[in-house]
Amino acid sequence: MKKFENKVWLSSPTMHGDELKYVTEAYETNWMSTVGKNINEVERMISEKVGCKYAVALSTGTAALHLAMKLANIKQGDYVFCSDMTFAATVNPVTYEGGIPVFIDTEYDTWNMDPIALEKAFEIYPEVKVVVVAHLYGTPGKIDEIKAICDKHGAIIIEDAAESLGATYKGKETGTFGAFNVISFNGNKIITGSSGGMLLTDDLEAANKVRKWSTQSRENATWYQHEEVGYNYRMSNVIAGVVRGQIPYLEEHIQQKKAIYERYKEGFKDLPVTMNPYDEDNSEPNFWLSCMIIDEEAMCQQVRGETDALYISESGKSCPTEILDAIASINAEGRPIWKPMHMQPIYRMNPFITRDGNGRARTNAYIDGQALDVGMDIFNRGLCLPSDNKMTKEEQDIIIEIIRECFK
Ligand SMILES: *Cc1c(COP(=O)(O)O)cnc(C)c1O
């Protein structure tokens, strides 16, 4: 098949013009630092859009997660329950503070934290006070169930809504369900500042702490007076200019991403695959990335080592490795599912809790054809499809066609 002349990306920045206007305004008025109108506006617009009282603009989503861990008062040796199938940035900040991530397995309905496994985890570690929950690929997780379990055990939620800005659950935006919530404006997110992040909360005292910590924890004094450790985590007014220009286009991006998801769904309807699922009665994702998972019976043999993969091509069957190769061969970009944290060498010794009450990474994900944990199973059978909102319908048709070929 013919290669695309211009690469079709997984998800790349989409600019509209206003970004440059606000960046230029910062330049011309010389507000080129971490103070200025763009920052104030971005904080105001996001807290209004998401429906939280306070928003603090920071350098990255990871920085926001780090300060959320500090707000949650995580101390050396504390166990913290975390989503397992997610980007490492969800859990690394727990480690920065000396906490020990305990990974909670994934459920099949939304590909997020499994409330049943979470309940099991509280049986094993009743002392845990913090649960870090991500909404994968822009799909809200089982928020009501997770919240009820956390309330019952007196734990707070830190919501990692880095991928799900604009997604709603029962009409309420993600980024409002935790005590402390995080969004990201990293370059491939649904809207971007090229980088950037935010901490969202309804707690004024918490918001003030984050403001102070993120600007080196200066006390109110004539000189640089310090009573606690500080960080250089504030968002730049230049970056905020880009974000400010993007916010009005969030809904448009979501509509484009949704159309991409629907076209894939239609294009694959007679293949032995399903799209990344969501709770159609209660949630509206932002459709940041379209993903698919291959039916177990339609998987050809695929073996993954720590850094590479092999498969045996088989008629009527396929696997993520074969499909990702096919996508790459026409100059488009797909990606494997986030490799679960319990399978990562750095977190291999951390506790990992499945529905059955316990679990561990195993080199072989299947015994008698049965997956041993959900995260590993979705990682083995799933993949992320090119989901760039500048991809044309014609380009997407070609991608659909080449994936269909894999199953012939
Ligand atoms: C992107 C992302 C982050 C981190 O955001 P940055 O702004 O890149 O630091 C955190 N969690 C998840 C789930 C993400 O996808």
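One-based numbering, in listed order, for ligands and for the atoms of each. We number each residue from 1, following the sequence as shown. The analysis underlying the following values was restricted to heavy atoms, covering all of them including side chains, and did not include hydrogens, waters or symmetry mates. Just so it is clear, the model here is predicted, and its values are computed rather than measured.
Of all heavy-atom pairs spanning Leu165 and Val50, the tightest one is CD1-CG2, 3.8 Å.
Distance from atom 12 (C) of ligand 1 to its nearest protein heavy atom, with residue and atom name: Asp160 OD2, 3.4 Å. When only non-hydrogen protein atoms are considered, atom 14 (C) of ligand 1 lies nearest to Lys189 NZ, 3.4 Å. Of the protein's non-hydrogen atoms, Glu163 OE2, 2.5 Å is the one closest to atom 15 (O) of ligand 1. Of the protein's non-hydrogen atoms, the one nearest atom 8 (O) of ligand 1 is Asn186 ND2, 2.8 Å. Protein heavy atom in closest approach to atom 9 (O) of ligand 1: Thr62 OG1, 2.5 Å. In this structure, the protein non-hydrogen atom closest to atom 5 (O) of ligand 1 is Ser184 OG, 3.2 Å.
Atoms of ligand 1 lying under 4.0 Å from at least one heavy atom of Gly61, given by number and element, are 5 (O), 6 (P), 7 (O), 9 (O). Per-residue contacts place Thr60 under 4.0 angstrom from the following atoms of ligand 1 (heavy atoms of the residue considered): 7 (O), 9 (O). Of all the atoms in ligand 1, the ones that sit under 4.0 Å from a non-hydrogen atom of Ala89 are 3 (C), 4 (C), 10 (C). Close contacts of ligand 1 with Gly196, meaning ligand atoms under 4.0 Å from a residue heavy atom, involve 7 (O).
Lys37 forms no cation-pi arrangement with Trp31, by the criterion of a distance under 6.0 Å to the ring centre and an angle within 45° of the ring axis. Geometric assessment of Arg218 against the ring of Tyr224 yields a positive cation-pi assignment under the 6.0 Å and 45° thresholds. Because its NZ or CZ atom is not both nearer than 6.0 Å to the ring centre of Phe177 and within 45° of the ring axis, Lys147 does not count as a cation-pi partner of that residue.
Of the options Lys53, Arg211, Lys49, a salt bridge (Lys or Arg N to Asp or Glu O under 4.0 Å) to Glu43 is made by Arg211 and by none of the others.
When non-hydrogen atoms are compared, ligand 1 lies under 4.0 Å from the side chain of Ala162 (C-beta onward) but not from its backbone. The proximity of Thr86 to ligand 1, defined as any non-hydrogen pair under 4.0 Å, is limited to the side chain.
Counting heavy atoms from C-beta outward, Asp109 and Asp279 have side chains that stay 4.5 Å or more apart.
Side-chain atoms of Ser217 and Lys212 include no donor-acceptor pair closer than 3.5 Å.
Ion pairing of Asp78 with Lys129 is absent here, as no side-chain N (NZ or NE/NH1/NH2) approaches a carboxylate O to less than 4.0 Å.
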